[in-house]
Amino acid sequence: MSIRTPLLALLPAGVLAAGLGLSSTRLVDNGLARTPPMGWNSWNHFGCDVSAQLIKEIADSMASSGMRDAGYRYVIIDDCWQVARDARGVLIADTLRFPGGIKPLADYVHSRGLKFGIYTDAGHQTCQGRPGTYGYEQLDAKTFAAWGVDYVKEDWCYADSMDAPTQYAKFRDALRRSGRPIVFSICEWGSAAPWTWGPRTGNLWRTTTDIEDTWGSMLDNLDISAQHPEAARPGAWNDPDMLEVGNGGMTDDEYRAHLSLWAILAAPLIAGNDVRTMTPATRDILLNKEVIAVDQDSLGVQGTLVSEHPPEHQVWMKPLADGSRAVALLNRGTAPDSIAASWWRLRIRGPAVVRDLWAHADLGTFTGRFVAVVPPHAALMLRVTPAKP
Ligand code: GLA
């Protein structure tokens with residue numbers, strides 16, 4: 001992948017938006033997702049095995065584990081909750097798995113101080129063959145609003161011959177007309193360059209195919225989503241897909257790198273593990289407030305790759321609102337090695353304080369550069385604060 005100029009990352013979002021031809025009046029502008037959305041989604045761990053009971057238990061665990069208070073607010077049911085439409089065309093939830101329907105479940109999630117999200121598909125059917133929203137945009141938006149839905153993810157299966165910008169704009173307008181503030185998550189896997197039209201259509205748009213719980217897949221999604229930093233801004237974010245942290249396919253070092261890099265990208269942080277049974281190590285990763293603060297920084301700039309030599313030793317940088325920089329030293333290789341972050345690459349002159357966001361410790365004041373040995377398949381996550389701005 002190519003290295004993005006750090007200057008680009010330092011430009012205000014408005015300038016970047018103007019460069020993209022996105023005047024502020026054309027952005028989705030529903031006032032939501034001013035920082036990247038955070039929450040939990042059923043798909044990565046549970047697939048189609050969803051039920052009201054599961055979602056209630058997850059909501060309870062989100063509250064009791066500290067996830068909610070760390071910012072993970074949206075509890076989202078992915079595919080397979082829906083089975084049919086009634087005579088009026090209203091979507092019907094699986095009555096065995098969701099005995100009272102969706103509204104009481106949304107109420108339950110809200111009663112735990114959380115927000116409620118749901119999944120549909122812009123095509124004729126969802127990816128798992130359930131009824132899709134095509135032709136029912138107004139009705140589904142109205143139904144979701146009546147149920148108390150706060151977030152809708154709209155997928156792109158069975159939509160082959162359709163035009164993605166047109167279909168997603170249709171549902172954006174239907175959601176707006178519903179009168180309820182609803183975060184709109186576009187999920188067409190980057191197939192029709194959503195970074196060009198996504199900012200005026202949704203609050204987030206998937207840039208990639210589905211993540212898998214492997215180091216390679218995580219890096220693939222990182223590299224693809226990193227190609228479009230100019231599109232991200234408060235209210236509109238590139239989405240490299242949901243987190244796999246805690247699902248068992250990667251080491252804890254790899255999961256720490258996963259969260260660090262998603263934070264550098266200002267990516268949505270949608271956990272995808274079983275929060276009811278997460279280990280203390282998983283909990284510590286997902287609840288690292290200093291890393292979350294990087295993701296949620298109010299400047300809203302997506303970080304970029306600023307150096308790679310050799311290619312498996314990378315330095316990523318995200319400028320933050322207080323003038324500091326979040327810096328990830330990423331070792332993609334298979335042996336421990338030292339990685340250097342040069343101050344000129346970070347656009348820092350003079351001394352700067354370096355803090356390790358996983359060790360929660362200040363490492364000292366450095367001039368010119370910072371060098372550290374990084375284990376294989378791991379990232380060091382730093383906050384570098386210039387002594388003088
Ligand atoms: C697609 C999406 C996934 C998930 C599944 C559900 O593959 O990209 O995130 O929603 O569909 O079927």
Side-chain angles (χ1 to χ4, degrees), residues 33 36-51 54-55 58 72 74-84 91 93-94 97-98 102 116-134 140 144 149-160 162 164 167-168 171 175 182-195 198 201-214 216-218 220-225 228 237-247 249 258 262 265 267-275:
M38 292 177 65
W40 176 91
N41 174 299
S42 54
W43 183 252
N44 280 358
H45 192 89
F46 296 96
C48 268
D49 195 10
V50 287
S51 66
L54 169 73
I55 299 301
I58 293 287
Y72 296 91
Y74 292 94
V75 172
I76 304 154
I77 318 178
D78 208 278
D79 207 347
C80 302
W81 63 268
Q82 62 288 69
V83 284
L91 280 166
D94 182 325
R97 288 171 175 267
F98 297 89
I102 299 298
F116 181 72
I118 210 161
Y119 163 103
T120 189
D121 188 290
H124 298 281
Q125 291 179 44
T126 74
C127 294
Q128 304 304 316
R130 310 304 174 94
T133 283
Y134 182 77
D140 287 358
F144 293 157
V149 167
D150 306 296
Y151 180 117
V152 176
K153 168 178 169 180
E154 193 179 43
D155 215 335
W156 191 237
C157 281
Y158 299 97
D160 294 342
M162 300 179 198
Q167 293 309 316
Y168 282 100
F171 203 49
L175 289 173
I182 297 176
V183 172
F184 186 28
S185 162
I186 295 168
C187 178
E188 54 78 88
W189 323 301
S191 61
W195 38 89
T201 310
N203 297 106
L204 59 158
W205 53 90
R206 282 272 299 277
T207 49
T208 69
T209 54
D210 290 4
I211 193 169
E212 289 165 24
D213 189 12
T214 64
S217 167
M218 186 274 287
D220 285 349
N221 283 17
L222 165 76
D223 292 344
I224 295 167
S225 224
H228 314 289
W237 310 99
N238 284 303
D239 176 9
D241 205 0
M242 303 170 288
L243 297 168
E244 290 283 10
V245 177
N247 279 334
H258 182 12
W262 262 229
L265 288 185
L269 298 181
I270 309 292
N273 61 318
D274 188 347
V275 291

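Atoms within a ligand are numbered from 1 in the order they appear, just like the ligands themselves.
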Pair Asp241, Arg206 - check salt bridge (charged side-chain N to carboxylate O under 4.0 Å, His left out), show working. CA-CA 6 Å; Asp241 205 0; Arg206 282 272 299 277; 3.3 Å; yes
Numbered atoms of ligand 1 (with element) below 4.0 Å of [X], judged on heavy atoms:
| X | answer |
| --- | --- |
| Cys187 | 2 (C), 8 (O) |
| Cys127 | 1 (C), 11 (O), 12 (O) |
| Gln128 | 12 (O) |
| Arg206 | 8 (O), 9 (O) |

Residue list, salt bridge (Lys or Arg N to Asp or Glu O under 4.0 Å) with Asp121, at least two apart or on another chain: none
For Val149 and Ile182, which heavy atoms make the closest approach, and how far apart are they? O-CG1, 3.4 Å
Measure up the Trp156 and Tyr168 rings against each other and bin them: parallel (under 30°), tilted (30 to 60°), perpendicular (over 60°). tilted
Distance from [atom] to nearest protein heavy atom, with residue and atom:
| atom | result |
| --- | --- |
| atom 5 (C) of ligand 1 | Trp43 CE2, 3.6 Å |
| atom 4 (C) of ligand 1 | Asp78 OD1, 3.4 Å |
| atom 7 (O) of ligand 1 | Asp210 OD2, 2.7 Å |
| atom 12 (O) of ligand 1 | Asp79 OD2, 2.8 Å |

Is a donor from one side chain sitting under 3.5 angstrom from an acceptor on the other, for His228 and Asn238? no
Can you see whether Ser42 engages Asp78 through a side-chain donor-acceptor pair at a distance of less than 3.5 angstrom? no
Proximity of Cys80 to ligand 1 by residue part, where a heavy atom lies under 4.0 Å: neither
What do we get for Asp155 next to ligand 1 when only non-hydrogen atoms under 4.0 Å count, side chain, backbone, both or neither? side chain
Would you mind reporting whether Phe98 and Ile77 have side-chain heavy atoms less than 4.5 Å apart? yes
Hey, looking at atom 9 (O) of ligand 1, which of Met242, Glu154, Lys153, Arg130 has the closest heavy atom? Lys153
For Ser51, give me all partners under side chain to side chain donor-acceptor pair (under 3.5 Å), at least two apart in sequence or on another chain. none
